[in-house]
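The sequence lines fix the lettering, A, B, ..., with proteins before strands; numbering per chain opens at 1. No hydrogens, no waters, no symmetry mates; every other heavy atom, side chains included, goes into these values.
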Protein chains: 2
Amino acid sequence: MARAVELRLLRYFVTVATERHVGRAAQRLHMTQPPLSRAIQQLETEFGAALFDRTPHGVELTRAGQVLMEDAVPLLDQADRLRLRVTRAADGAVLRLGSLADTADQAGHDLVAAFRRRQPGVEITVVETDLSDPTAGLRAGRVDLALTRTPFSDDGLAVATIRTDPVGVVVAAADPVATQESTTVAALAGRTWIRLPDGTDPVWAAYWTAADDRPHHPLARTIQECLRSAAWNGTLVIAPLSQALPGGLVCVPLADRPPSRVVLAWRASQPSPLVRSFARLVSGAS
Amino acid sequence: MARAVELRLLRYFVTVATERHVGRAAQRLHMTQPPLSRAIQQLETEFGAALFDRTPHGVELTRAGQVLMEDAVPLLDQADRLRLRVTRAADGAVLRLGSLADTADQAGHDLVAAFRRRQPGVEITVVETDLSDPTAGLRAGRVDLALTRTPFSDDGLAVATIRTDPVGVVVAAADPVATQESTTVAALAGRTWIRLPDGTDPVWAAYWTAADDRPHHPLARTIQECLRSAAWNGTLVIAPLSQALPGGLVCVPLADRPPSRVVLAWRASQPSPLVRSFARLVSGAS
DNA sequence: CGCGGGCCATACCCGTCCGGTATCAAGCCA
DNA sequence: TGGCTTGATACCGGACGGGTATGGCCCGCG
């Protein structure tokens with residue numbers, strides 16, 4: 001006893017829960033009622049809790065059953081998709097697209113949609129990463145393509161520009177800088193900047209934070225953390241002017257930072273046909 | 001053959017993949033090597049694809065194996081958490097918190113964190129919903145509490161105000177309205193508003209869209225869709241002034257719309273002790 | 001008021017499948 | 001080449017999943 005939960009039992013459970021009737025559920029599962037009853041009991045002893053209330057005209061979910069139902073359904077959905085994804089991967093028909101947190105925006109969605117139209121048989125996985133990895137898993141081999149921003153150390157990587165984003169510094173609306181038409185990083189010397197995690201691409205970290213590696217600067221992994229820190233602590237961070245900002249924050253253009261480019265990147269060495277095909281969407285379009 | 005994939009096999013697979021060695025994996029799984037080899041083969045025939053390349057000193061993942069690994073790990077994580085969640089639900093120690101898309105902000109996180117400190121043994125599930133359901137599953141019984149905004153039809157619901165948000169209309173920066181200090185819904189008569197899905201709470205829909213139920217108005221389910229439509233098509237939507245906006249959009253205060261309140265809502269009839277306890281966090285605080 | 005029909009649970013049987021031991025085939029290295 | 005490693009194969013026993021037959025319960029009907 002106390003064996004691990006298996007998908008078979010969860011499939012049974014979900015069927016019974018939707019049918020609210022063990023007999024009918026058994027019918028739908030192409031089996032007889034008694035083993036199904038037993039399976040449900042197994043699940044109940046497994047969890048140490050009743051999942052159904054037995055009524056004269058069927059069964060109905062207990063509170064624990066409701067919770068299990070909410071968890072089991074998406075779990076089974078994932079498990080079903082799993083088979084399809086793996087078989088497609090085996091045929092080389094899977095493209096893994098890394099996406100830097102904020103870059104999964106309209107441009108990214110459009111690209112994915114365009115590629116799906118062109119090659120409907122190809123499965124596309126989008127993996128989002130935080131600010132600590134500008135190449136979004138591309139170097140580590142976790143993805144085939146990365147939707148990201150410059151600048152980063154790009155040795156061994158090929159890039160195609162999607163668009164160019166001027167950048168600015170994010171400050172609270174009450175900050176003296178906020179009213180200026182534009183400013184410079186130099187003029188902000190001595191202020192507290194956000195800090196990116198150790199090990200982050202140095203080119204990348206230097207661009208966004210004007211880092212002088214003072215360790216007391218607050219650490220952030222996501223844009224949300226950066227903005228929150230800007231709103232509460234008055235810390236500085238550089239962001240694209242197109243970045244969505246909560247009320248109370250403004251983005252003042254920076255004159256001495258070149259714009260950041262939103263790019264598609266991939267490993268330059270022997271790209272797969274799918275990667276080439278996807279990359280052409282960008283190179284051809286812009 | 002072609003039996004459904006089971007978690008047992010996936011657990012085996014993940015262990016082998018992390019160990020890169022069938023023998024050691026078998027050891028960690030408290031079993032012998034041959035059945036494990038067979039299990040992996042089963043999985044491979046099941047998917048119709050090789051998952052490992054066999055090398056003289058172990059095994060290494062094929063591309064299909066990598067994809068399966070990425071899917072299997074989170075799947076197993078979920079399955080493990082499942083047991084814990086259900087047992088807690090059985091003890092009445094689960095609180096399901098619905099959250100309207102944008103309301104899962106700082107206030108929400110603070111509330112959840114505060115409640116966790118007070119009652120560490122209680123599992124909290126946060127379910128996000130789109131704009132079509134202002135009560136975030138509260139009426140349907142999918143959640144015990146809802147973090148949402150007024151106004152909505154609140155018969156049978158109890159609410160506690162968290163904060164008050166003035167609202168404005170979101171327009172492109174180039175829109176003539178954008179430069180005004182404030183405006184009114186009346187002054188915007190005849191313009192195209194966003195439309196919320198049919199069946200949405202009428203009080204709610206009327207508040208945010210100044211709807212005159214013209215069916216050609218574009219449909220939106222999320223705030224992102226609203227903002228995108230505002231940026232591209234110049235459609236109007238009402239939003240809290242605190243809403244984060246991408247560059248190129250501004251939110252002009254509205255003089256003839258009362259502010260929206262961010263509230264915690266729950267079913268007024270016989271709330272559970274946990275619900276009362278959570279609600280007190282809000283009532284006591286503000 | 002008992003009787004029939006619906007529900008789920010129990011009892012028991014059989015075939016399959018899982019995991020064990022023993023062994024084999026193949027690559028590396030001394 | 002012989003010993004060591006690796007994973008793969010062959011075969012066996014026990015556990016478990018699903019089958020049939022039946023029991024216990026509640027409802028409604030005659």
Side-chain angles (χ1 to χ4, degrees), chain A residues 1-62 64-66 68-69 72 76 79, chain B residues 1-62 64-66 68-69 72 76 79:
Chain A
M1 60 176 66
R3 284 186 354 277
V5 49
E6 283 300 329
L7 290 185
R8 182 182 61 93
L9 292 180
L10 292 183
R11 287 186 232 273
Y12 290 177
F13 167 79
V14 168
T15 310
V16 173
T18 54
E19 287 289 337
R20 312 168 92 83
H21 192 289
V22 180
R24 279 198 301 274
Q27 208 169 335
R28 273 190 38 188
L29 289 166
H30 306 291
M31 62 190 288
T32 55
Q33 170 260 321
L36 186 54
S37 280
R38 208 177 47 187
I40 297 297
Q41 291 176 58
Q42 250 176 281
L43 215 49
E44 287 179 322
T45 61
E46 170 70 27
F47 288 132
L51 298 173
F52 292 103
D53 284 328
R54 277 69 172 176
T55 74
H57 42 277
V59 294
E60 54 187 39
L61 286 169
T62 62
Q66 287 176 30
L68 178 58
M69 190 66 181
L76 291 174
Chain B
M1 61 175 66
R3 285 190 352 279
V5 48
E6 282 301 328
L7 290 184
R8 181 182 61 95
L9 293 180
L10 292 182
R11 288 185 231 272
Y12 290 177
F13 166 80
V14 168
T15 310
V16 173
T18 53
E19 287 289 336
R20 313 166 91 84
H21 193 289
V22 180
R24 279 198 300 274
Q27 208 169 336
R28 272 191 39 187
L29 289 166
H30 305 294
M31 62 190 289
T32 55
Q33 170 261 321
L36 186 53
S37 281
R38 208 178 45 187
I40 297 297
Q41 293 175 57
Q42 249 176 282
L43 216 48
E44 287 180 321
T45 60
E46 169 70 28
F47 288 132
L51 298 173
F52 292 103
D53 285 329
R54 275 69 171 177
T55 73
H57 41 278
V59 294
E60 56 187 37
L61 286 170
T62 62
Q66 287 176 30
L68 178 58
M69 191 66 182
L76 292 174

Trainee: Could you list by number each residue of residues 17-27 of chain A showing a heavy-atom separation from DNA chain C of less than 4.0 Å, or answer none if no residue does?
Mentor: A/His21, A/Val22, A/Gly23
Trainee: Quick one: A/Leu51 CG to C/dA9 P, roughly how many Å, whole number?
Mentor: 12 Å
Trainee: Report the distance from atom CZ of A/Phe52 to atom P of C/dC7, rounded to the nearest whole Å.
Mentor: 16 Å
Trainee: With a 4.0 Å cutoff (strictly under), does any side-chain N or O of A/Gln42 reach OP1 or OP2 of D/dC16?
Mentor: no
Trainee: Please collect all ring-ring contact (aromatic ring centres under 6.0 Å, His included) contacts where either partner lies in residues 13-56 of chain A, sequence neighbours excluded, each pair once.
Mentor: A/Phe13-A/Phe52
Trainee: Tell me the interatomic distance from A/Ile40, atom CD1, to D/dG18, atom C1', rounded to whole angstroms.
Mentor: 15 Å
Trainee: Kindly write out the residues that satisfy side chain to side chain contact (heavy atoms under 4.5 Å, CB included) with B/Thr18, not counting sequence neighbours, or none if the list is empty.
Mentor: B/Val14, B/Arg28, B/Met69
Trainee: Kindly give the heavy-atom pair with the smallest separation between A/Thr62 and A/Ala50, and that separation in Å.
Mentor: OG1-O, 2.8 Å
Trainee: For B/Ser37, what residues pass the side-chain hydrogen bond (donor to acceptor under 3.5 Å, both in side chains) criterion, not counting sequence neighbours?
Mentor: B/Gln33
Trainee: Over how many whole Å does the gap from A/Asp53 atom CG to D/dC26 atom P extend?
Mentor: 15 Å
Trainee: For the atom pair CD1 (B/Ile40) and OG1 (B/Thr45), what is the distance rounded to the nearest 0.5 Å?
Mentor: 11.0 Å
Trainee: From CD of A/Gln41 over to C1' of C/dA11, roughly how many Å is that when rounded to an integer?
Mentor: 12 Å
Trainee: Looking only at heavy atoms, which two atoms of B/Leu9 and B/Ala39 are closest? And how far apart?
Mentor: CD2-CB, 3.7 Å
Trainee: Please write out the pairs of protein N or O atoms and N or O atoms of nucleotides 1-3 of chain C separated by less than 3.5 Å, giving the distance to one decimal.
Mentor:
none

Trainee: Which residues pass the salt bridge (charged side-chain N to carboxylate O under 4.0 Å, His left out) test with B/Arg38, sequence neighbours left out?
Mentor: none
Trainee: Atom CD in B/Gln66, atom CG in B/Leu68: separation rounded to 0.5 Å?
Mentor: 11.0 Å
Trainee: On a heavy-atom basis, which atom in A/Val59 and which in A/Thr55 lie closest, and how many Å separate them?
Mentor: N-OG1, 4.1 Å
Trainee: How long is the line joining CG of B/Leu43 and P of C/dC18, in whole Å?
Mentor: 12 Å
Trainee: Applying salt bridge (charged side-chain N to carboxylate O under 4.0 Å, His left out), which residue pairs with at least one partner in residues 51-60 of chain B are found, sequence neighbours left out?
Mentor: B/Glu44-B/Arg54
Trainee: Look at the side-chain N and O atoms of A/Arg54 and state whether any lies under 4.0 Å from the OP1 or OP2 oxygen of C/dA9.
Mentor: yes
Trainee: Closer than 4.0 Å, any side-chain N/O of B/Ser37 to the OP1 or OP2 of D/dA8?
Mentor: yes
Trainee: What closest approach, in Å, do B/Ala79 and A/Val5 show between heavy atoms, and which atom pair accounts for it?
Mentor: O-CG1, 4.2 Å
Trainee: State, to the nearest 10°, the angle formed by the axis through the first five base pairs of the helix from C/dC8-D/dG23 to C/dA30-D/dT1 and the axis through its last five.
Mentor: 30°
Trainee: Residues two or more places apart in sequence or in another chain: which of them pass salt bridge (charged side-chain N to carboxylate O under 4.0 Å, His left out) with A/Arg20?
Mentor: none
Trainee: Treat primed atoms plus P, OP1 and OP2 as sugar-phosphate and everything else as base, then score nucleotides 19-30 of chain C 5' to 3': B for base contact with protein heavy atoms under 4.0 Å, S for sugar-phosphate contact only, - for none.
Mentor: BBBB----SS--
Trainee: Specify the closest pair of heavy atoms between A/Leu36 and A/Ala26, including all atoms of both residues, with the distance to one decimal.
Mentor: CD2-N, 3.4 Å
Trainee: Whole Å only: how far is the CZ atom of A/Phe13 from the C1' atom of C/dC8?
Mentor: 17 Å
Trainee: With A/Glu6, which residues qualify under side chain to side chain contact (heavy atoms under 4.5 Å, CB included), at least two apart?
Mentor: B/Glu6, B/Leu7, B/Arg8, B/Arg11
Trainee: Whole angstrom is fine here: how far is it from CG in A/Leu36 over to C1' in C/dC7?
Mentor: 13 Å
